[in-house]
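In what follows, a structure is listed as structure tokens, so that the remarks can point back to it.
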Amino acid sequence: MLIRKGGGLKSSEITPHVVYLNRRAFMLGAAALALAPQRGEAAAPPAATPLKATPNSAFRLEDAQTPLKDVTSYNNFYEFGMNKEDPARLAHTLKPRPWAVQVDGLVHKPKTFDIDEVLKMAPLEERIYSLRCVEAWSMVIPWIGFPLASLLKRVEPTGQAKYVEFHTLVDPEQFPAQKKGVFNFSSLEWPYTEGLRLDEALHPLTLLTVGLYGQVLPNQNGAPIRIVIPWKYGFKSAKSLVRIRLTDTEPKTTWSRQAPQEYGFYSNVNPAVDHPRWSQATERRIGEFRRRKTLPFNGYADQVTSLYAGMDLRKFY
Ligand SMILES: Nc1nc2c(c(=O)[nH]1)N[C@H]1C(S)=C(S)[C@@H](COP(=O)(O)O)O[C@H]1N2
Ligand SMILES: [Mo]
């Protein structure tokens, strides 16, 4: 894929995630695509709401930060459409209040938390992580949140809990691409579902995220609450979460259902294991021209390699 100055992609380009979806759409009958809403002007974005957080110097990538403009206008959020510019254009339909997050499954104290209760659950930290998309681009973003572990400890996982499943909201009124017959391009199943092993979910790097760049999370970045797992490909970092469920079996995830040969459960950033359709050895930092080498575990190998001791990471991709 080609990237223009400023980091944007030409809108005519099809990016790797969606090549498969497009092919699928043709097979299903591409007529449905013609029903997609016409391109229109985005509604004026709501004024950013400031959000205070304490910088955590232990989690502070020193690389140049990706401009906020790119962070909010070059997004993958398939609930709004296939293209990188769809989320910014359409995200005004998402209503981040009122919002509740159900935390249940194999826990002693299942609970549905109001989002404002979650915001007060633990001190908010600012952490600068890079997010490495499976499409071989990356961004450096000052996120705001707190370790997912703080929330999980509240509900007290039982001894049977081995995995954590994440669900994004399903509401076609808020997410236009969930409307049947409108964006009938894909076989993506809603809710967008992701998962982690419990030890990954409890790892201090795993950030329950409510803001970025000193402000409340913009809708297109997964308001009001999402997960960020910096050593895994970006698609693991599910947005706009309404449910976190503890299970004893490995969750079926959206992308591994869609294309199991391309997207595994673990999805650790691994420059040595190519995606079947492209190399993962290098990446394009949005806003830069020269490609850079992709680092094992996206640069977090020292912190997370031990989670995978004894595992063949070619098999468990
Ligand atoms: N619910 C949901 N979460 C999602 C996605 C999505 O389409 N739907 N896209 C993922 C992908 S592929 C990436 S790279 C990141 C992008 O996060 P950002 O837009 O905040 O940079 O979100 C991930 N989370
Ligand atoms: Mo991605």
Side-chain angles (χ1 to χ4, degrees), residues 1 7-9 15-21 65-91 94 96 101 128-145 165-171 174-178 183 185-186 188-196 207 209-213 215-244 253-259 262-263 267 269 275 278 280 283-287 294 298:
M1 56 188 194
L9 281 175
T15 51
H17 266 316
V18 302
V19 170
Y20 184 94
L21 294 176
Q65 292 169 29
T66 306
L68 176 61
K69 172 178 65 62
D70 294 330
V71 172
T72 58
S73 63
Y74 185 79
N75 304 99
N76 277 331
F77 202 161
Y78 285 83
E79 285 84 341
F80 290 114
M82 288 200 286
N83 302 305
K84 299 280 186 287
E85 65 273 19
D86 289 334
R89 190 170 57 90
L90 299 168
L94 176 62
V101 184
I128 306 173
Y129 286 158
S130 72
L131 184 104
R132 201 322 192 147
C133 180
V134 74
E135 296 167 352
W137 50 264
S138 62
M139 298 194 192
V140 177
I141 302 175
W143 301 106
I144 295 173
E165 186 176 275
F166 304 94
H167 287 185
T168 295
L169 174 72
V170 180
D171 181 356
Q174 300 191 59
F175 287 137
Q178 290 177 340
F183 286 98
F185 58 85
S186 85
L188 279 192
E189 285 170 22
W190 316 114
Y192 189 102
T193 302
E194 261 307 335
L196 294 172
L207 195 70
T209 301
V210 294
L212 54 78
Y213 267 111
Q215 63 184 59
V216 161
L217 210 53
N219 285 357
Q220 58 268 42
N221 296 93
I225 188 162
R226 67 171 303 168
I227 199 78
V228 175
I229 311 130
W231 72 95
K232 292 178 181 279
Y233 292 118
F235 64 85
K236 299 294 285 181
S237 295
K239 295 174 169 180
S240 303
L241 299 177
V242 292
R243 189 172 185 195
I244 298 174
T253 67
T254 295
W255 288 104
S256 65
R257 280 181 204 267
Q258 170 72 33
E262 301 191 0
Y263 308 108
S267 301
V269 173
H275 184 280
W278 62 87
Q280 295 291 21
E283 69 201 59
R284 171 81 69 174
R285 218 15 104 62
I286 297 300
T294 289
N298 197 30

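Whatever order the structure lists them in is the order used to number ligands and atoms, beginning at 1. Along the sequence shown, residues are numbered consecutively beginning with 1.
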Quiz item: For ligand 1, which atoms sit closer than 4.0 Å to a heavy atom of Tyr192?
Solution: 1 (N), 2 (C), 3 (N), 4 (C), 5 (C), 6 (C), 7 (O), 8 (N), 9 (N), 10 (C)
Exercise. Answer yes or no: is there a donor N or O on one side and an acceptor on the other, between the side chain of Asn76 and the main chain of Phe235, under 3.5 Å?
Key: no
Quiz item: Counting only heavy atoms, which portion of Glu135 has something under 4.0 Å from ligand 1: side chain, backbone, both, or neither?
Solution: neither
Quiz prompt | N/O separation below 3.5 Å, Asn76 to ligand 1 | solution = yes
Self-check item: CG-CG distance between Asn83 and Asn75, expressed to the nearest 0.5 angstrom
Solution: 12.0 Å
Exercise. Can you see which heavy atom on Ile229 is nearest to which on Lys236, and at what distance?
Key: CD1-O, 3.4 Å
Quiz prompt | Polar contact flag for Tyr74 and ligand 1 (N/O pairs, less than 3.5 Å) | solution = no
Quiz item: Looking at the rings of Trp137 and Tyr74, which for Trp means the six-membered one, are their centres under 6.0 Å apart?
Solution: yes
Exercise. Would you mind running through ligand 1 and noting each atom that sits below 4.0 Å from a heavy atom of Glu79?
Key: 1 (N), 2 (C), 6 (C), 7 (O), 8 (N)
Self-check item: Ser237 touching ligand 1 at heavy-atom level, < 4.0 angstrom
Solution: yes
Exercise. For Cys133, take its heavy atoms, then give the atoms of ligand 1 lying under 4.0 Å from any of them.
Key: 14 (S)
Quiz prompt | Salt-bridge criterion met for Lys84 and Glu135 (N-O under 4.0 Å) | solution = yes
Exercise. Please identify each residue that fulfils side-chain contact (heavy atoms from CB on, under 4.5 Å) with Ser130, with sequence neighbours left out.
Key: Leu61, Val140, Arg285, Asn298
Quiz item: What part of Leu131 sits under 4.0 Å from ligand 1 if we count only heavy atoms: the side chain, the backbone, both or neither?
Solution: side chain
Quiz item: Can you list the atoms of ligand 1 that are under 4.0 Å from a heavy atom of Asn221?
Solution: 18 (P), 19 (O), 20 (O)
Quiz item: Can you tell which of Tyr78, Phe166, Tyr192, Phe77 makes a side-chain contact (heavy atoms from CB on, under 4.5 Å) with Lys239?
Solution: Phe77
Quiz item: When you measure from atom 11 (C) of ligand 1 to each heavy atom in Phe235, Phe175, Tyr233, Trp143, which option holds the nearest one?
Solution: Phe235
Quiz prompt | Proximal ligand 1 atoms for Thr168, defined as those under 4.0 Å from one of its heavy atoms | solution = 1 (N)
Self-check item: Non-hydrogen atoms of Ser138 and Glu283 that approach each other most closely
Solution: OG-OE2, 2.7 Å
Exercise. Report, in ascending order of atom number, the atoms of ligand 1 lying under 4.0 Å from any heavy atom of Tyr78.
Key: 6 (C), 7 (O)
Quiz item: Which ligand 1 atoms does Asn75 reach within 4.0 Å, using its non-hydrogen atoms?
Solution: 18 (P), 19 (O)
Quiz item: Can you tell me if Ser240 has a non-hydrogen atom under 4.0 Å from ligand 1?
Solution: no
Quiz item: Of all the heavy atoms in Lys236, does at least one lie under 4.0 Å from an atom in ligand 1?
Solution: no
Practice problem: Taking all non-hydrogen atoms of both residues into account, name the closest pair between Thr253 and Gly195 and its distance. | Solution: CG2-N, 3.8 Å
Quiz prompt | Close approach of Met139 to ligand 1, heavy atoms, under 4.0 angstrom | solution = no
Self-check item: Nearest heavy atoms of Ser240 and Ala223, plus distance in Å
Solution: OG-O, 2.7 Å
Practice problem: Drop me the distance from Ile141's CD1 to Ile128's CD1, to the nearest 0.5 angstrom. | Solution: 11.0 Å
Quiz item: With a cut-off of 4.0 Å, which atoms of ligand 1 are near a heavy atom of Ala238?
Solution: 3 (N), 24 (N)
